[in-house]
Amino acid sequence: MSEAFYVTTPIYYVNAEPHIGHTYTTVVADMLARYHRLKGETCFMLTGTDEHGDKILEVAQERGTTPDAVATEYAQLFKKTWDQLGIDYDRFIRTTDPDHRLVVQSILQKVYDAGEIEFKEYEGLYCVGCERFLTDRDMVDGLCRDHERAPESRSESNYFFNMGAHFSWLAETIEAHPDFIRPEHYRNEVLAMLSEESGLGGELCISRPKERLDWGIELPFDNRYVCYVWFDALINYLTGVGYPDGSEFETFWPVSEHIIGKDILKPHGVFWPCMLHAIGAPLPRHLNVHGFWNLDNRKVSKSLGNLVSPQVMDERYGFEAFRYFLLREMVFGQDSSFSEPLLIARINADLANNLGNLVSRTLNMTGRFADGLVPRAGAPGEAELVIEETAARVTSEVDEHVLSLRPQRALESIMGLIDATNRYLELREPWKAAKDPERADQVPTTLYTCCESLRVTAVLLSAFLPQTSHEIFSRLGLGNALEGAFLPELTRWGGLEAGLPTRKGPPLFPRIEVTEDSK
RNA sequence: GGCGGCGUAGCUCAGUCGGUUAGAGCGGCGGCUUCAUAAGCCGUAGGUCGUUGGUUCAAGUCCAACCGUCGCUACCA
């Protein structure tokens, strides 16, 4: 059992509002951090914003303001969003943070001193529309495929990081650590990128002359240039935990987990390991790659205007429900579909009918047949032992699934405990037993078993649905049930004390009635 | 063009490095029940696992080709 855990989201580019993709990545990271905290590990979660680059400058010019103002506006938007939604990050890093600038510059200098950065003139075809040089793949019939115009020949001197020198090392390392990049097929994609035929050059341009772009971190060895984005963006993962000297760095870097979307696999799977190798830093423990959310079979896209805002989802359904959907519906690594009817179906089936209703019926009967106090259980019968065993089995399954990055399986497993408890109630039928002199004495045991099952459920759910979990504890008469206690002790059967005052409360997740298909 | 994903019951999808009668949830249908959010429980509904051809004692599960579909190809997770 490791004692520390470090999880990162990508830093989000500040040219768009938070949408379902950002939210998914962030929620997965948050869930992992919470789960590891539940195990008593020392955890650190990093998220933040990527703020340099020409696109931000463009936006600033369009708006007649400064890039710093644009970046700050969006950075605050992201931060505020995560705060409102209860994302429990430890640091929100901005690539414009002073300590980050220093770390980037020190790393640049270090790589430069090692002779791995080369200054040379590059001559190529430049598209004025794109404001960048085009590669063969950017052109169709000699025209820029985005702007459909002929690029002009231009030359420019820049600094290049010779990452190709690390390719064979990287390929060997990936082969030797097959689970470094997961799920597996993304590992294969990276290996393909490293192969000769991929067309991926071995050189990474890491600078821009200030006359073309001055919004960035100045190169420590040439003040006519700024660092170009990927190089400075990726380093945030090091800055976030105090590279190079902080004790946090030693604690967290070796156990780091990156969560990324598949679109940024190349920078994280190729550029980043090469950069780390160049400065003699170890690789992160895992690079975890997830797929995309499709909306009505279309890609998430600003231009289509079909962004799914986490704040709108929060207002409409409650963020916990949305969060549940994200974690329950997507197989990590694969693409998934999102639509409101799917979301509603999932909320009703799992959260309202099963979980919420079980809470209602259990606490209602506890109020009715046990004076609202958690009853004292008698000797367990066979049915009680089944629930106890199910709880233990689910606890270990959840652990296995979370660690292997299968949130959907973990939630499925938890739902299984809820189902089992609903079935158990049907078997014991305390609403009848309470009125039957021959069975009345089993009612306390029955209700205790249900309450205890709910407590264990809430513990297991706490990383996934923190607020819901907290509410269940509260209704069971528990205060901060997670304080000072950790897995696996937390789910040990019998942890719920008799005599605690329970409270029924309103439906946890009201069923959402759909009057008609809004389509 | 190159690379890659996907194509399994009406719907959304699982199928753990090939092996007993192919699974889950939702929906539908029938029944039970009434503590509960018209929730719950029981039963049921029979899909040539895209097509063709291979490898194998054995393939949804490996290989090839093809069809359909979606995506990536240096900055939208």
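The figures that follow rest on heavy atoms only: side chains count, while hydrogens, waters and symmetry mates do not. Letters A, B, ... mirror the listed sequences (proteins, then strands); counts begin at 1.
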Side-chain heavy-atom pair A/Tyr237, A/His268 within 4.5 angstrom cut-off: yes
Watson-Crick and G-U pairing of RNA chain B written in dot-bracket, each distance under 3.5 angstrom, with | for inter-strand partners: (((((((..((((.....[...)))).(((((.......))))).....(((((..]....))))))))))))....
Base B/C75 to side chain A/Tyr12, donor-acceptor N/O within 3.5 Å cut-off: no
Nearest-angstrom distance from the residue atom CG of A/Leu351 to C1' of B/C26: 14 Å
Aromatic ring pairing A/His22/A/Phe78, orientation class (parallel under 30°, perpendicular over 60°, tilted between): perpendicular
Separation of B/C75 P from A/Tyr228 OH (nearest whole Å): 7 Å
Nearest-Å distance once atom P is located in both B/G5 and B/A22: 28 Å
Interatomic distance where CD1 belongs to A/Ile20 and C1' belongs to B/A77 [whole Å]: 10 Å
Protein proximity profile, nucleotides 31-36 of chain B - base contact B, sugar-phosphate-only contact S, no contact -, cut-off 4.0 Å on heavy atoms: --SSBB
Option among A/Tyr89, A/Tyr6, A/Phe92 that satisfies the side chain to side chain contact (heavy atoms under 4.5 Å, CB included) test with A/Leu46: A/Tyr6
Presence of A/Asn348 side-chain N/O under 4.0 Å of B/U37 phosphate oxygens OP1/OP2: no
Nearest-Å distance for atom pair CG/P, residues A/Leu327 and B/A77: 19 Å
Sugar-phosphate, base or nothing in reach of A/Asn354, heavy atoms under 4.0 Å: sugar-phosphate
Touch class at under 4.0 angstrom, heavy-atom based, for A/Tyr24 against every strand present: nothing
First encountered from the 5' end of RNA chain B, between A/Ile260 and A/Asp350: A/Asp350
Salt bridge flag under 4.0 Å for residues A/Glu156 and A/Arg212: yes
Same-atom distance (C1') from B/U44 to B/A24, integer angstrom: 16 Å
Donor-acceptor side-chain pairing of A/Gln334 and A/His290 below 3.5 angstrom: no
Touch class at under 4.0 angstrom, heavy-atom based, for A/Ala352 against every strand present: base
A/Glu412: side-chain contact (heavy atoms from CB on, under 4.5 Å) partners, not counting sequence neighbours: A/Arg328, A/Arg409
Atom-pair distance (CG on A/Asp54; C1' on B/A74), nearest Å: 12 Å
Inter-nucleotide P distance (B/C42, B/A58), Å rounded: 40 Å
P-based separation of B/G27 from B/U12 [nearest Å]: 15 Å
Span that lies between the P atom of B/G60 and that of B/U20, in whole angstrom: 10 Å
Separation between the P atoms of B/C26 and B/C41, rounded to whole Å: 8 Å
A/Thr47 side chain near A/Ile87 side chain, heavy-atom distance below 4.5 Å: no
Test item: A/Asp88 and A/Met45 side chains (from C-beta on) under 4.5 Å apart, heavy atoms: no
Which protein N or O atoms sit under 3.5 Å from an N or O of nucleotides 13-18 of chain B?
{"unit_1": "B/A14", "atom_1": "OP1", "unit_2": "A/Gln334", "atom_2": "OE1", "d": "2.4"}

P-based separation of B/G4 from B/C62 [nearest Å]: 15 Å
Note, A/Thr366 side chain near A/Val374 side chain (heavy atom, < 4.5 Å): no
Any side-chain heavy-atom pair of A/Asn288 and A/Arg182 under 4.5 Å: yes
By side-chain contact (heavy atoms from CB on, under 4.5 Å) - contacts of A/Pro284 (at least two apart): A/Phe180, A/Trp253, A/Ser256, A/His258, A/Trp272, A/Leu276
Integer-rounded Å distance: B/C6 C1' and A/Met330 CE: 13 Å
Shortest side-chain distance from A/Asn353, nucleotide among B/A77, B/G40, B/A74: B/G40
Interatomic distance, A/Glu17 CD vs B/A77 P [rounded to whole Å]: 14 Å
Touch class at under 4.0 angstrom, heavy-atom based, for A/Ile264 against every strand present: sugar-phosphate
Phosphate contact (B/A39 OP1 or OP2) by A/Arg511 side-chain N/O below 4.0 Å: yes
C1' atoms of B/A65 and B/G71, separation to the nearest Å: 22 Å
side-chain contact (heavy atoms from CB on, under 4.5 Å) assessment of A/Ile206 paired with A/Asp232: CA-CA 9 Å; A/Ile206 60 162; A/Asp232 103 68; over 6 Å; no
Contacts table for residues 317-324 of chain A: side-chain donor-acceptor under 3.5 angstrom, sequence neighbours left out:
{"unit_1": "A/Tyr317", "atom_1": "OH", "unit_2": "A/Glu340", "atom_2": "OE1", "d": "2.2"}
{"unit_1": "A/Glu320", "atom_1": "OE1", "unit_2": "A/Gln467", "atom_2": "N", "d": "3.4"}
{"unit_1": "A/Glu320", "atom_1": "OE1", "unit_2": "A/Thr468", "atom_2": "N", "d": "3.0"}
{"unit_1": "A/Glu320", "atom_1": "OE1", "unit_2": "A/Thr468", "atom_2": "OG1", "d": "2.8"}
{"unit_1": "A/Glu320", "atom_1": "OE2", "unit_2": "A/Gln467", "atom_2": "N", "d": "3.2"}
{"unit_1": "A/Arg323", "atom_1": "NE", "unit_2": "A/Phe464", "atom_2": "O", "d": "2.6"}
{"unit_1": "A/Arg323", "atom_1": "NH1", "unit_2": "A/Asp30", "atom_2": "OD2", "d": "2.7"}
{"unit_1": "A/Arg323", "atom_1": "NH2", "unit_2": "A/Asp30", "atom_2": "OD2", "d": "2.8"}
{"unit_1": "A/Arg323", "atom_1": "NH2", "unit_2": "A/Ala463", "atom_2": "O", "d": "2.9"}
{"unit_1": "A/Tyr324", "atom_1": "OH", "unit_2": "A/Asp350", "atom_2": "OD2", "d": "2.6"}

Spacing between A/Leu417 atom CG and B/G25 atom C1', to the nearest angstrom: 17 Å
N/O donor-acceptor pair under 3.5 Å between A/Asp436 side chain and A/Glu438 backbone: yes
Among B/C41, B/U37, B/C75, the one nearest A/Arg423 by side-chain distance: B/C41
